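Quick caveat, the model's predicted, so the values are computed rather than measured.
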Amino acid sequence: MKAAVIHGPGSVQYDTVDDPKLKEQDDIILKVTSTAICGSDLHIYSGGLPQPRPMVLGHEFMGIVEEVGARVNHLKRGDRVVVPFPIACGNCFFCNHDVPGNCEHSNPEHYGPEGGILTEKGGALFGYTDLYGGYDGGQSQYVRVPYANYGPRIVPENLTDEQVLFLTDIFPTGYTGVDWGEVKGGETIAIFGSGPVGLMAAKSAWLRGAAQVIIVDTLQYRLDKAKVTTGATTILWEDGAKDVVEQIRALTQGRGADVCIDAVGFEPDRNFADRLKATINFEKGSTKVLEACMSAVRRSGIVSVLGVYPVNYDNFPLGQFFDKGIILKGGQAPAHKHIDKLLEYVVQGKVKLDDIITHRIPLSEISHAYDIFKKKEDGCVKVVLDPWQ
């Protein structure tokens with residue numbers, strides 16, 4: 001089959017690889033009909049997350065069931081399904097507590113309670129390095145899906161792929177940021193980052209009854225897309241975090257936002273001083289967005305961290321965290337927990353997901369797709385790939 005394979009930082013190639021095979025009795029083989037590039041894929045592409053051997057990338061995919069293992073009890077060949085991005089067993093302590101990203105069984109070689117940088121990681125993820133299970137991903141024509149009795153969801157035939165594809169990751173992830181924020185209605189939500197996850201967080205905030213949604217970004221074209229697709233108030237990050245925080249406070253009677261969502265992570269746009277600081281501290285990337293969230297949130301507010309932070313950082317603002325009484329939540333989104341409810345929102349027409357797509361590109365042009373997504377060229381916000389072109 002054909003697949004997008006990472007060969008090292010900055011090198012994703014359209015390769016011919018072996019077809020996947022059933023390995024366990026609760027596996028399925030999926031013929032992929034649609035897949036997408038996620039912002040967190042860029043962390044592997046940039047080298048921020050190490051992957052020493054070639055691997056098929058991609059954790060946002062859906063398709064048609066091609067083969068089923070003997071113990072798969074609710075799917076059959078020909079079913080059309082969407083697949084949550086964490087690989088989870090559905091039976092362990094953490095799966096039973098609705099945190100499948102911490103599954104005890106899906107990542108046996110690298111799992112552990114410590115959560116270290118290169119050891120004792122969480123549960124497995126599709127196409128997301130050997131540290132997270134080493135499973136090939138779905139930027140491919142076929143993919144093996146383990147634990148198929150727990151993950152895949154059958155989708156209505158009257159909905160197109162693009163209407164439901166983002167139930168795999170970015171919609172549940174954006175929704176999780178709002179859910180962690182305990183939004184009940186009437187709140188102000190400030191979202192840092194108007195990429196795909198930030199846009200889905202904004203849509204989710206409205207679904208949960210937010211009174212005001214603010215989106216911050218460093219690129220005007222992304223804010224323009226945010227305005228059209230979410231109706232949020234937008235703030236351009238031009239002169240540093242202080243100016244952004246002051247604008248958010250001006251919109252909230254001086255208090256700050258009730259909830260701030262970091263939808264960027266450790267690889268924000270950075271100047272020379274930011275890069276020098278990271279080098280001196282032996283750090284990957286920067287916490288500048290998280291620090292801005294902690295300043296912009298009100299006292300006793302909640303900061304939800306959806307962006308990836310793979311290492312430890314010096315100078316974390318612990319004093320500010322304590323003085324303001326901030327609640328800080330983060331980690332892999334529990335996609336399985338929310339996917340059924342979110343699918344129903346789509347079915348009922350309460351939310352539109354496919355309006356964030358800016359590029360539809362053949363899988364055969366995967367190198368170009370990653371390049372423009374990484375460099376934010378050609379107005380790129382979200383890329384959907386056709387595996388069969």
Side-chain angles (χ1 to χ4, degrees), residues 10 36-46 48 60 166 169-171 173-174 177 189-205 212-248 250-251 257 260-275 278 284-293 295-296 304-309 352-361 368-384:
I37 303 175
C38 181
S40 54
D41 291 327
L42 295 182
H43 302 319
I44 308 172
Y45 182 68
S46 70
E60 296 184 340
F166 302 144
D169 178 3
I170 59 172
F171 188 25
T173 296
I189 316 300
I191 300 162
F192 286 72
S194 62
V197 168
L199 297 179
M200 291 299 165
K203 291 173 181 284
S204 300
Q212 183 174 211
V213 180
I214 303 164
I215 297 184
V216 179
D217 203 276
T218 60
L219 295 173
Q220 187 60 52
Y221 89 85
R222 283 162 51 110
L223 291 176
D224 293 341
K225 187 70 169 177
K227 188 71 174 178
V228 170
T229 58
T230 72
T233 300
T234 60
I235 295 176
L236 181 64
W237 182 318
E238 286 184 293
D239 300 321
K242 183 177 180 181
D243 178 64
V244 171
V245 171
E246 288 175 352
Q247 291 186 63
I248 292 172
L251 292 167
C260 282
I261 297 175
D262 177 352
V264 179
F266 78 110
E267 291 189 306
D269 292 335
R270 292 185 291 159
N271 58 28
F272 176 77
D274 293 328
R275 294 180 185 277
K284 283 184 178 290
S286 167
T287 58
K288 63 186 291 185
V289 173
L290 177 55
E291 291 167 11
C293 286
S295 290
S304 292
V305 185
L306 302 177
V308 173
Y309 288 94
K352 182 178 175 63
L353 306 183
D354 56 351
D355 57 354
I356 74 164
I357 300 170
T358 55
H359 291 71
R360 296 167 176 87
I361 297 178
H368 169 67
Y370 265 87
D371 188 53
I372 62 169
F373 190 46
K374 170 67 175 175
K375 295 177 180 177
K376 301 181 178 68
E377 294 179 344
D378 193 29
C380 188
V381 173
K382 187 65 176 179
V383 177
V384 173

Using the ring of each side chain (for Trp, its six-membered ring), is H43 parallel, tilted or perpendicular to F266, with breaks at 30° and 60°? tilted
Calculate, to the nearest 0.5 Å, the distance between atoms [atom1] and [atom2] belonging to [X] and [Y] respectively.
X    : Y    : atom1 : atom2 : result
L236 : D217 : CG    : CG    : 8.0 Å
Q212 : I248 : CD    : CD1   : 9.5 Å
S286 : Y309 : OG    : OH    : 7.0 Å
H359 : I372 : NE2   : CD1   : 4.0 Å
I215 : I191 : CD1   : CD1   : 5.0 Å
L223 : W237 : CG    : CH2   : 12.5 Å

Under a 4.5 Å cut-off applied to non-hydrogen side-chain atoms, are [X] and [Y] in contact?
X    : Y    : result
L199 : K382 : no
F166 : V384 : yes
K225 : S194 : no
E377 : D371 : yes
I170 : E60  : yes

Polar side-chain atom of [X] near backbone of [Y] as donor-acceptor pair, under 3.5 Å:
X    : Y    : answer
T229 : I356 : no
K203 : K352 : yes
D41  : C38  : yes

Nearest heavy atoms of [X] and [Y], plus distance in Å:
X    : Y    : answer
A241 : A292 : CB-CB, 4.0 Å
G193 : V264 : CA-CG2, 3.7 Å
A202 : V213 : CB-CG1, 3.9 Å
C260 : F192 : SG-CE1, 4.2 Å
D354 : R360 : O-NH2, 4.5 Å
I37  : A369 : CD1-CB, 3.7 Å

Just do the side-chain contact (heavy atoms from CB on, under 4.5 Å) check on V383 and Y370 with the steps written out, would you? CA-CA 9 Å; V383 177; Y370 265 87; over 6 Å; no
